Amino acid sequence: MTYKSFAQLNDAIVHCTKCPRLVAFRTRIAKEKRKQYRDWEYWGRPVTGYGSPDARLLIVGLAPAAHGGNRTGRVFTGDKSAEFLMRCLYAVGLASQPTSTRRDDGLVLNRGYMTPVLRCVPPGDKPTARELANCRPYFQSELQLLSDIKVILALGGIAFKSCLKYFQSIFPITLKDYPFQHNVHYRMPDGKRLVGSYHPSPRNVNTKRLTYEMMVDMLETVKGIL
Ligand code: SF4
């Protein structure tokens, strides 16, 4: 399906029920809530992308967190990964503020757009191949609407592979020619840069697999390309 506008695409996304397991999970989490957020009305639906339609940078994550995006209704908003990522984006001038806490917090990305490859929170952060495939057309439609993108920054191996699958749907590329690692850069057949990064998850940050300095260094390089 071709969407003529973000409004049309996002309307289709938030009403999507293609994955029964994820629909049940996102609804249950939204009902049960985490104690510290018991006063929140959880979003409990698929999340859309967020940012500027004339973005040059597309930041791609895996999926909304159970008590992050699934609670706040915005990608990379209201969890530890968002906290770390936004601090780094702000440090290099790619975000207007160092925090991302709720949909109406005023965050502006500097010619940037953030989106997940899977719109609904998966149990244990582990989507099935079918669920990723179900959701992929939304990502493809987003990229069709974001016509100024120069760099795609994929956070984590699953997001990176999903981006490669997007390119593979258009060009005859072989996935194994693009191994994933942190701060890896590839020029794709249409001239876009695909950059791989470790995911800014608490696990990666707490174990120092991904440090603030590593992320900021990489974002400085990305900014230079933009
Ligand atoms: S993960 Fe994507 S395809 Fe599956 S129900 Fe959510 S929005 Fe729909």
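Bear in mind that the values here come from a model prediction, so they are computed numbers and not experimental data. Counting convention: from 1, in listed order, for ligands and their atoms alike.
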Pair Phe84 + Phe76: ring centers closer than 6.0 Å: no

Tyr186 and Phe160 aromatic ring geometry - parallel, tilted or perpendicular at 30°/60° bounds: tilted

Sequence-distant partners of Ala66, side-chain contact (heavy atoms from CB on, under 4.5 Å), two or more places apart: Ile29, Val121

Those residues that, when tested against Asp125, pass side chain to side chain donor-acceptor pair (under 3.5 Å) (two or more places apart): none

Parallel, tilted or perpendicular: ring planes of Phe167 versus Phe171, cut at 30 and 60 degrees: parallel

Sequence-distant partners of Val216, side-chain contact (heavy atoms from CB on, under 4.5 Å), two or more places apart: Cys88, Ala91, Val92, Tyr212, Glu220

Count of N, O or S atoms belonging to protein, less than 2.8 Å from atom 6 (Fe) of ligand 1: 1

